[in-house]
2 protein chains.
Amino acid sequence: MATTRDNLIETMKQLLWERGYDATSPNLVLERSGAGKGSFYHHFKGKKELAIAAMESRSDELIEEFDRVTAKPDLYLEKVYAYLRLPRDATRGCRMGRIVQDPSLDDPLLNAPLERYFKHLHERLTWMFEEAQRHREMMNILPPGQLATLALSALQGGFVLGRATGEGAAADDATGALMALLSTQTLRG
Amino acid sequence: MATTRDNLIETMKQLLWERGYDATSPNLVLERSGAGKGSFYHHFKGKKELAIAAMESRSDELIEEFDRVTAKPDLYLEKVYAYLRLPRDATRGCRMGRIVQDPSLDDPLLNAPLERYFKHLHERLTWMFEEAQRHREMMNILPPGQLATLALSALQGGFVLGRATGEGAAADDATGALMALLSTQTLRG
DNA sequence: GTCTATACCGAGATAGAC
DNA sequence: GTCTATCTCGGTATAGAC
């Protein structure tokens, strides 16, 4: 039941992860998906439109993953940890954040899915830190929104360092250190 | 005294920051620097060689800046803070880290300056955290190397978020939150 | 919905005169 | 050391038949 259109989207998602937006050519998508040029331009106006569809599909998938793992723990701080603890190979890059620096993402239309994705995660994490403070799982001397920014940054920065240095553990090291620091903040437990 | 060669390097540094490596064409470098095609290929074997020279120049410059601001404070933790407190507009990207995700940086020759840069900073920061722990400026329950990874990640990740969301304050927010967390770790002061 | 052929452009580099 | 002319290739897309 995999339609040609879905095949194109799945292939684009994979290539966006591997090579980013600018370095992914329509020809490459066609070669790997097995589709022909005609199909491509029948289903999509062009590369940009396909990429947007791919990014939105990826965003949905990652947010589902986020919701799934953070649903389990009862303590709010443990929800944050559950997300940070997902194992990551930093050398492969974030499936979403991989493409942020591509020059073409100056285009607001292309950037929109990315912006929505990060703002959504930031909102969810902010809420978790708020609740964690409200339920006295941690000190409340730090603004929850800034803690959320730090959590996402540690993760994304870990991917940057991993790519630059070849250290696949960089992201897990960064999030690990952050959780250790946060834990010294706990009031109980 | 600005030689054509130096002009080319300076122009490339600027363009690497603005557009990255892949999206920067020789023609663009020539147009902006005022040099001609002949000069370019006389001084450099090609785009790659120029980019490497530009990255090494940028690396020297940023490491000098790092050394300068971290030299002032006496306390080791304050040295780290002095670096983290340098104001940054996250939407402009890191002058060095901006290019890590460009596909061409799969090439080890191109990646080498980047790798050296981050490993150098990581070493320096690790040493600062070691000394901070040794002099009892902070608790020693966390591995200094992992703290260094977190510090660099918070910074680089802040740039990623800044670019994706348009929030120029993202990097300063992330480093600010990290410093606040580290400060709850202090034993004296 | 899908195919092949074609068109246009800019990237990256070389040639050879000055 | 610098200039202009030229070359090749791949990216992105359109045309029109099937």
Side-chain angles (χ1 to χ4, degrees), chain A residues 1-55 57 98-99 101-111 113, chain B residues 1-55 57 98-99 101-111 113:
Chain A
M1 289 303 302
T3 69
T4 297
R5 190 172 188 283
D6 288 343
N7 275 338
L8 287 168
I9 291 180
E10 282 308 310
T11 303
M12 186 49 129
K13 283 168 66 177
Q14 187 61 33
L15 284 168
L16 285 180
W17 186 17
E18 289 174 20
R19 319 180 28 104
Y21 177 82
D22 286 315
T24 295
S25 70
N27 277 331
L28 196 50
V29 176
L30 299 180
E31 192 182 328
R32 195 180 288 194
S33 67
K37 207 151 268 200
S39 304
F40 180 104
Y41 287 100
H42 171 73
H43 290 292
F44 301 94
K45 276 180 28 189
K47 169 179 165 178
K48 185 166 132 185
E49 195 177 290
L50 171 58
I52 290 175
M55 288 165 72
S57 167
R98 168 73 175 77
I99 65 179
Q101 302 288 5
D102 275 34
S104 295
L105 273 84
D106 287 348
D107 182 339
L109 249 65
L110 259 181
N111 189 66
Chain B
M1 288 306 299
T3 69
T4 297
R5 190 171 188 282
D6 288 344
N7 274 338
L8 286 168
I9 291 181
E10 283 308 310
T11 303
M12 186 50 129
K13 283 168 66 178
Q14 187 61 34
L15 284 168
L16 285 180
W17 186 16
E18 289 173 20
R19 315 177 37 99
Y21 177 81
D22 286 315
T24 295
S25 71
N27 278 332
L28 196 51
V29 176
L30 299 181
E31 191 182 328
R32 194 180 288 197
S33 68
K37 207 152 264 197
S39 303
F40 180 103
Y41 286 101
H42 171 72
H43 289 292
F44 301 94
K45 274 177 34 187
K47 169 179 165 178
K48 184 166 133 185
E49 194 177 290
L50 171 58
I52 291 175
M55 289 164 72
S57 167
R98 168 72 175 78
I99 66 178
Q101 302 288 5
D102 276 34
S104 295
L105 273 83
D106 287 349
D107 181 340
L109 249 64
L110 258 182
N111 188 66

Open item on the list: How many whole angstroms separate atom CD of B:E31 from atom P of D:dT4?
Closed with: 14 Å
Task: Nucleotide-resolved protein contact map, nucleotides 13-18 of chain C, B/S/- at heavy-atom distance under 4.0 Å - done: BB----
Task: Listed once per pair and sorted, the salt bridge (charged side-chain N to carboxylate O under 4.0 Å, His left out) pairs that draw on residues 23-36 of chain A, sequence neighbours left out - done: A:E18-A:R32
Open item on the list: Expressed as a whole number of angstroms, how long is the span from A:L30:CG to D:dG10:P?
Closed with: 16 Å
Task: Atom pair distance, as rounded to whole Å: CG in A:D6 and P in C:dG1 - done: 12 Å
- [ ] Kindly say if B:S39 contacts the phosphate of D:dC3, meaning a side-chain N or O under 4.0 Å from OP1 or OP2.
- [x] yes
Task: Contact under 4.0 Å: B:H43 side-chain N or O vs D:dT2 OP1/OP2 - done: yes
TODO: Answer yes or no: does a side-chain N or O of B:T4 lie under 4.0 Å from OP1 or OP2 of D:dT2?
DONE: yes
- [ ] In whole angstrom, give the distance that lies between atom CG of B:L28 and atom P of C:dG12.
- [x] 10 Å
Task: Length of the CZ-P vector between B:F44 and D:dT2, whole Å - done: 11 Å
TODO: Can you tell me which residue pairs pass the side chain to side chain donor-acceptor pair (under 3.5 Å) test with a partner in residues 34-43 of chain A, sequence neighbours excluded?
DONE: A:N27-A:K37
- [ ] Starting from P on D:dG1, measure out to CG on B:L8 and report it in whole angstrom.
- [x] 13 Å
Open item on the list: Based on the rotation axes of five pairs at each end, what angle does the helix from C:dG1-D:dC18 to C:dC18-D:dG1 bend through, to 10°?
Closed with: 0°
Open item on the list: Going by side chain to side chain contact (heavy atoms under 4.5 Å, CB included), name the residues that satisfy it together with B:N111, two or more places apart in sequence or in a different chain.
Closed with: B:L105, B:L114, B:E115
Task: Gap separating the OH atom of A:Y21 from the CD1 atom of A:I52, nearest 0.5 angstrom - done: 7.5 Å
TODO: Can you sort out which residues in residues 16-25 of chain A have a heavy atom within less than 4.0 Å of DNA chain C? Ascending by number, please.
DONE: none
Task: Of all pairs that satisfy salt bridge (charged side-chain N to carboxylate O under 4.0 Å, His left out), the ones with a partner from residues 43-53 of chain B, not counting sequence neighbours - done: B:K48-B:D107
Open item on the list: Nearest 0.5 Å, please: how far is CD in B:E10 from OG in B:S57?
Closed with: 5.5 Å
Task: Spacing of A:D22 atom CG and A:I99 atom CD1 [to the nearest 0.5 Å] - done: 9.5 Å
Open item on the list: Nearest 0.5 Å, please: how far is NZ in A:K13 from CG in A:L50?
Closed with: 11.5 Å
- [ ] Could you tell me whether the side chain of B:R98 and the main chain of B:L16 form a donor-acceptor pair under 3.5 Å?
- [x] no
- [ ] Using side-chain hydrogen bond (donor to acceptor under 3.5 Å, both in side chains) as the criterion, list what pairs up with B:N7, not counting sequence neighbours.
- [x] none
Open item on the list: Run the side-chain hydrogen bond (donor to acceptor under 3.5 Å, both in side chains) test against A:S25 and tell me which residues pass, sequence neighbours left out.
Closed with: none
